[in-house]
Amino acid sequence: MKHIVKILTLLVAVSALWIGLLQASIIPHGHAWLLPIYFIVSLGCYGLLMVGIGLMTFPTCPREGLLLQQDIDEAKEYLKQKGVDINSN
């Protein structure tokens, strides 16, 4: 619930800022009307950056990989005992 409140608060603040800029004529109207588009594009770029950083710093877990491979081998052995044909083709 806290996350929703933060998002709504940010949305209201950005909307209030945008409406204020439109009414105060601090920024020319031609530029102020494009601010939401700039905001959405910036948000998309930020999201892509965070995904890229997450992929670059993704932790490798060699021990967990070995445990997973052991689980797979145990499952294959169990299925062979039950008469299930497992071919890795």
Side-chain angles (χ1 to χ4, degrees):
M1 188 68 177
K2 288 182 179 181
H3 196 62
I4 292 172
V5 172
K6 287 180 186 179
I7 291 172
L8 289 177
T9 304
L10 180 64
L11 183 63
V12 168
V14 169
S15 297
L17 178 68
W18 181 57
I19 291 171
L21 286 174
L22 282 174
Q23 290 182 352
S25 297
I26 296 172
I27 297 176
H29 268 33
H31 293 233
W33 284 107
L34 295 175
L35 284 178
I37 295 171
Y38 294 151
F39 179 71
I40 291 171
V41 169
S42 299
L43 191 61
C45 291
Y46 173 76
L48 286 174
L49 177 70
M50 290 295 107
V51 168
I53 289 173
L55 287 174
M56 287 188 299
T57 60
F58 189 75
T60 56
C61 306
R63 182 168 185 261
E64 296 299 322
L66 292 174
L67 291 175
L68 180 60
Q69 189 61 44
Q70 289 175 355
D71 288 343
I72 292 171
D73 293 337
E74 288 175 13
K76 283 182 180 180
E77 188 62 36
Y78 175 77
L79 290 173
K80 282 182 186 177
Q81 290 175 359
K82 295 292 181 180
V84 178
D85 184 28
I86 302 173
N87 289 330
S88 299
N89 296 335

Between atom [atom1] of [X] and atom [atom2] of [Y], what is the distance when rounded to the nearest 0.5 Å?
{"X": "Gln69", "Y": "Glu74", "atom1": "CD", "atom2": "CD", "value": "11.0 Å"}
{"X": "Leu66", "Y": "Gln70", "atom1": "CG", "atom2": "CD", "value": "6.5 Å"}
{"X": "Ile37", "Y": "Ser42", "atom1": "CD1", "atom2": "OG", "value": "11.5 Å"}

Min side-chain heavy-atom separation [X]-[Y] under 4.5 Å:
{"X": "Lys76", "Y": "Ile72", "result": "yes"}
{"X": "Val51", "Y": "Leu48", "result": "no"}
{"X": "His3", "Y": "Ile7", "result": "yes"}

According to ring pair (Phe, Tyr, Trp, His ring centres under 6.0 Å), does anything in residues 4-26 pair up with another residue at least two apart or in another chain? List the pairs. Trp18-Trp33
Output a table of donor-acceptor pairs, distance under 3.5 Å, between side-chain atoms of residues 54-61 and any protein atom two or more places apart or on a different chain; print 'none' if there are none.
| from | atom 1 | to | atom 2 | distance (Å) |
| --- | --- | --- | --- | --- |
| Thr57 | OG1 | Ile53 | O | 2.8 |

So, using side-chain contact (heavy atoms from CB on, under 4.5 Å) as the criterion, who are the partners of Leu17 when residues are at least two apart? Leu21
In this structure, which one of Val12, Leu10, Leu11 forms a side chain to side chain contact (heavy atoms under 4.5 Å, CB included) with Val14? Leu10
